[in-house]
Amino acid sequence: MINIVFFARIREQLGVGQLTSPINQLKTVADLRRQLIEEHEASWSEVLMAQNVVIAVNQVVSDETAEISSGDEVAFYPPVTGG
Amino acid sequence: MINIVFFARIREQLGVGQLTSPINQLKTVADLRRQLIEEHEASWSEVLMAQNVVIAVNQVVSDETAEISSGDEVAFYPPVTGG
Amino acid sequence: MDCPISVKVCEDDFDVGHETAVLQHAKPDVGAVVNFVGYVRNINDGETVSALELEHYPAMTEKSISDIAIQAREKWDLLGIQIIHRVGRLAPEDQIVYVGVASKHRLEAFTACEFIMDYLKTQAPFWKKESTPNGDRWVDAREKDNTALARWD
Amino acid sequence: MDCPISVKVCEDDFDVGHETAVLQHAKPDVGAVVNFVGYVRNINDGETVSALELEHYPAMTEKSISDIAIQAREKWDLLGIQIIHRVGRLAPEDQIVYVGVASKHRLEAFTACEFIMDYLKTQAPFWKKESTPNGDRWVDAREKDNTALARWD
């Protein structure tokens with residue numbers, strides 16, 4: 001399984017903070033994102049494909065080419081605004 | 001009268017922290033310094049003519065060309081080391 | 001040289017005097033401490049802010065901040081780093097973040113403290129949501145924070 | 001914008017937490033405070049320091065520091081400056097100097113605090129005399145403090 005988490009504006013726009021997905025044929029974050037978009041309404045494409053979405057794999061900032069395997073956690077979030 | 005003050009290493013080297021001098025023919029800090037050196041032992045020349053001596057007139061950093069008049073305070077001190 | 005790192009992410013407020021004292025305590029070679037304290041402002045982008053909600057990514061936040069502190073420790077000769085970042089609901093004038101750096105001489109502490117703040121602002125997974133008279137809104141990331149980051153390349 | 005300046009030269013110790021709170025108190029537009037705290041180190045130029053005597057030029061010191069603070073206020077958009085410098089006899093680990101700067105955004109507070117420290121180190125009439133096992137000695141001014149100053153030209 002892959003654990004998928006969303007934060008802040010993205011979490012609100014998708015209406016969900018956490019999902020899981022079986023690993024199946026998913027090899028990269030791009031595969032996972034494509035599947036999430038296919039499985040949900042059109043707005044998911046807009047939100048998850050936005051230019052400034054940050055992707056973290058296992059709590060380390062990464063990008064859509066990152067390989068994933070069962071047990072990984074993939075996060076999608078907007079640019080950070082702490083401090 | 002001119003009030004003359006010395007600080008830190010210079011005060012210790014001259015053995016005095018404060019002097020006064022009548023204004024007489026003194027026009028600039030250079031005149032005052034020349035007179036101080038003439039009136040005291042040879043070590044005063046070495047101490048007061050040293051490259052790094054800081055001169056302040058009325059509590060503002062200046063140099064030997066500064067004009068002075070009665071009531072002024074002239075300070076000679078080494079490079080500062082606070083903070 | 002030993003440079004302990006302490007990172008806290010919590011709802012509780014902090015005491016700047018206490019944190020400063022901890023940084024220097026029993027370290028007689030510390031000559032300089034530089035502290036940064038960030039506060040909730042009552043106005044942002046021209047709108048009155050009545051409250052701020054700070055969301056974060058709990059599994060990642062402390063690790064992400066620790067990584068920044070470790071980078072700073074590798075770049076400069078430091079004697080201690082303490083970072084506190086609050087989360088949850090805050091009000092104007094509340095303290096949000098503390099970054100304290102101890103070193104022998106002042107240049108290292110100043111530089112490392114600025115470096116940590118620049119990285120924290122652009123890398124650590126926190127998000128601010130403001131309450132304004134026109135409703136709640138997510139704070140947008142600022143281009144100038146990315147510009148600030150670029151100077152460390 | 002109002003930017004109060006407070007300068008104290010005294011023998012008494014100070015409380016960093018209190019000074020920070022004063023800088024931000026009742027100023028809801030303050031987003032950042034940067035504090036510098038300088039301490040007496042127990043070693044300098046390879047020698048053990050058992051005590052430090054800080055001499056100053058009383059008629060000039062506060063005015064000289066105020067002038068530096070006024071320059072900073074004219075250069076950057078600041079909301080408050082507090083400077084405390086101790087004089088007299090100090091021991092290792094004692095606090096010597098506090099410079100705190102409040103501003104809306106962090107860059108101004110960091111920059112102004114460094115500017116003030118660089119000027120204070122090279123312009124304000126203080127002199128340190130250290131007690132070491134080999135006797136007392138005046139601390140020499142450091143070339144790197146002049147180098148630090150040159151970056152503001």
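Nothing here was measured: the structure is a model prediction, and the numbers come from that model. Each chain gets a letter, A, B and so on, in the order its sequence line appears, and its residues count up from 1.
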query: How about residues 137-153 of chain D versus chain B: which residues have heavy atoms under 4.5 Å apart?
result: D/W138, D/V139, D/D140, D/A141
message: Under 4.5 Å from any heavy atom of chain D, what part of B/V5 do you find: side chain, backbone, both or neither?
response: side chain
query: side-chain contact (heavy atoms from CB on, under 4.5 Å) with D/M60: which of B/V61, B/V60, B/N58?
result: B/V61
- line: Residues of residues 7-46 of chain B with a heavy atom under 4.5 Å from any heavy atom of chain D, in residue-number order, are B/F7, B/A8, B/R9, B/R11, B/E12
- request: Pull out the residues in residues 76-83 of chain B that come under 4.5 Å of chain D, heavy atom to heavy atom, sorted by number.
  value: B/Y77, B/P78, B/P79, B/V80, B/T81, B/G82, B/G83
message: So for atom NZ, which belongs to D/K8, do other residues, nucleotides or ligands contribute more than 12 heavy atoms lying within a distance under 6.0 Å?
response: no
- prompt: Do any of residues 35-43 of chain D come closer than 4.5 Å to chain B, heavy atom to heavy atom, and if so which ones, in number order?
  reply: none
field: Segment of D/Q123 engaging chain B (4.5 angstrom heavy-atom cut-off)
entry: backbone
statement: Heavy atoms of D/A59 and B/Q59 approach each other most closely as O-CG, 3.6 Å
